[in-house]
2 protein chains.
Amino acid sequence: MTNPEFVSLEISPSSGVPIYRQLMEQIRRMIASNQLSPGDGLPSVRQIATQLSVNPMTISKSYSLLEAEGLLERQRGKGMIVSKQNTTTRTLEERIDLLSPAIDELINEAKQLDINSEIVISELKKRLGD
Amino acid sequence: MTNPEFVSLEISPSSGVPIYRQLMEQIRRMIASNQLSPGDGLPSVRQIATQLSVNPMTISKSYSLLEAEGLLERQRGKGMIVSKQNTTTRTLEERIDLLSPAIDELINEAKQLDINSEIVISELKKRLGD
DNA sequence: TCTAGTGTATTAATACTATAATACACACAT
DNA sequence: ATGTGTGTATTATAGTATTAATACACTAGA
């Protein structure tokens, strides 16, 4: 068991993507990278709901769908934990595949904005460096 | 006047983002980069609707909202054109600002997937190179 | 004038998203 | 036993997103 406080979830209300889907994607990625390991506990529904100022049932929906996918397990009366099945840590290649849509989106937008490849790369480096 | 056939629009039905917003963002970017210049014509509502297998009213919604923003102008009986006001081509800095969310999203996802900065950059370079 | 092509308004129906207020079954520590 | 903390089911409400079928006013060319 770990400290669910370390699981930091964020939402972008203006993105157009439903909140429950934003949360699902973040949790999926943290499990794929083993930042959330099998057996790890997740923050409670009410905790996240308060923190993000969102209805608890919205969080519950994310958890339920992730449970249906087999990524999370429900522990009655306790909370959600990362499943011990179906959660083998992904290889680097597999994780890069999961990152592909974001890369493609960046390239696509840069093209539409007519921004040079070199500039995209230097801008990315700048922000990666903090 | 130009050939609206060259305006290639794409949608990702699985992204969760409403179709009309996906279209708006793409058109906004192409105007900002002057790939669509003031006076240029846009594809007709029915043309895009057929091409994307989407209801014409969904396209019309995108156009109407962009007209309300001042980016497009309606030409009665003819079609939509890029407005001649409010569409000064953006400077490089401004366009980079418009690209920022996509960069931030990529960095955020890479972090959650525990993918190294160097790998993110090399992967981006790989795909930018075609 | 006719015809085909613009965008749009209208009305209806369906599905999805999110909130709200309760209530329930369960686990655990006291 | 009690209280607090889990996730969840229920019901209701509201707003948004999308499709569908028509109809309208306008433009342009034959």
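These numbers come from the heavy atoms of this one structure, side chains and all, not from hydrogens, waters or symmetry mates. Per chain, numbering begins at 1; letters A, B, ... match sequence-line order.
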So which protein nitrogen or oxygen atoms get under 3.5 Å of nucleotides 24-29 of chain C's nitrogens or oxygens?
| from | atom 1 | to | atom 2 | distance (Å) |
| --- | --- | --- | --- | --- |
| C:dA27 | O4' | A:Arg76 | O | 3.3 |
| C:dC28 | OP1 | A:Lys78 | NZ | 3.4 |

Write out a two-atom table: protein N or O, nucleotide N or O from nucleotides 10-16 of chain C, distance below 3.5 Å.
none

For residues 13-23 of chain A, which side-chain N or O atoms pair as donor and acceptor with protein atoms under 3.5 Å away, sequence neighbours left out?
| from | atom 1 | to | atom 2 | distance (Å) |
| --- | --- | --- | --- | --- |
| A:Ser15 | OG | A:Ser12 | O | 3.2 |
| A:Ser15 | OG | A:Val17 | N | 3.1 |
| A:Ser15 | OG | A:Gln22 | NE2 | 3.2 |
| A:Arg21 | NH2 | B:Ser14 | O | 2.6 |
| A:Gln22 | OE1 | A:Ser12 | N | 2.7 |
| A:Gln22 | NE2 | A:Ser12 | O | 3.0 |
| A:Gln22 | NE2 | A:Val17 | O | 2.8 |

Just list the side-chain donor-acceptor pairs under 3.5 Å for residues 48-60 of chain A, sequence neighbours left out, or say none.
| from | atom 1 | to | atom 2 | distance (Å) |
| --- | --- | --- | --- | --- |
| A:Thr50 | OG1 | A:Arg46 | O | 2.8 |
| A:Asn55 | OD1 | A:Met57 | N | 2.8 |

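Take the nearest nucleotide of DNA chain C for B:Tyr63 and for A:Asn55: the residue whose nucleotide is more 5' is B:Tyr63.
Atom CE of B:Met24 is separated from atom CG of B:Leu9 by 13.0 Å, given to the nearest 0.5 angstrom. For the atom pair CD1 (A:Ile31) and CD (B:Gln112), the distance works out to 11.5 Å, reported to the nearest 0.5 Å.
Rounded to whole Å, atom C1' of C:dA18 lies 15 Å from atom CZ of A:Arg21. What separates CD of A:Glu67 from C1' of D:dT6 is a distance of 13 Å, to the nearest Å. Between the C1' atom of D:dT8 and the CZ atom of A:Arg74 lies a distance of 7 Å, rounded to the nearest Å. Between the CG atom of A:Leu65 and the P atom of D:dT8 there is a distance of 10 Å, rounded to whole Å. For the pair A:Ile81 CD1 and D:dG7 P, the interatomic distance rounds to 12 Å; values are reported in whole Å. Whole-Å rounding puts the A:Met24 CE to C:dT17 C1' distance at 14 Å. Straight-line distance from the CD1 atom of B:Ile59 to the P atom of C:dG7: 10 Å, rounded to whole Å. If you measure from atom CG of A:Leu23 to atom C1' of C:dT17, you get 13 Å, rounded to the nearest angstrom.
Pairs engaging residues 94-111 of chain B under the salt bridge (Lys or Arg N to Asp or Glu O under 4.0 Å) rule: A:Arg29-B:Glu109, A:Arg127-B:Asp104 [sequence neighbours left out].
Comparing D:dG7, C:dT6, C:dT19 by their closest approach to the side chain of A:Thr58 singles out C:dT19.
For A:Ile119, the side chain to side chain contact (heavy atoms under 4.5 Å, CB included) partners two or more places apart in sequence, or in a different chain, are A:Ile115, A:Asn116, B:Leu92, B:Ile96. In this view, A:Glu73 and A:Ile81, A:Ser83, A:Gln85 satisfy the side chain to side chain contact (heavy atoms under 4.5 Å, CB included) rule, not counting sequence neighbours. Take B:Leu128 and apply the side chain to side chain contact (heavy atoms under 4.5 Å, CB included) test, not counting sequence neighbours, and it matches A:Ile107, A:Ser117, A:Ile121, B:Leu124. Considering only residues two or more places apart in sequence or on other chains, B:Leu98 meets the side chain to side chain contact (heavy atoms under 4.5 Å, CB included) condition with A:Leu113, B:Ala32.
Distances shown here put a side-chain N or O of B:Ser60 below 4.0 Å from the OP1 or OP2 atom of C:dT8. Between A:Ser64 and D:dT8 there is a side-chain N or O to OP1 or OP2 distance below 4.0 Å. Distances shown here put every side-chain N or O of A:Ser44 at or beyond 4.0 Å from the OP1 or OP2 atom of D:dG5.
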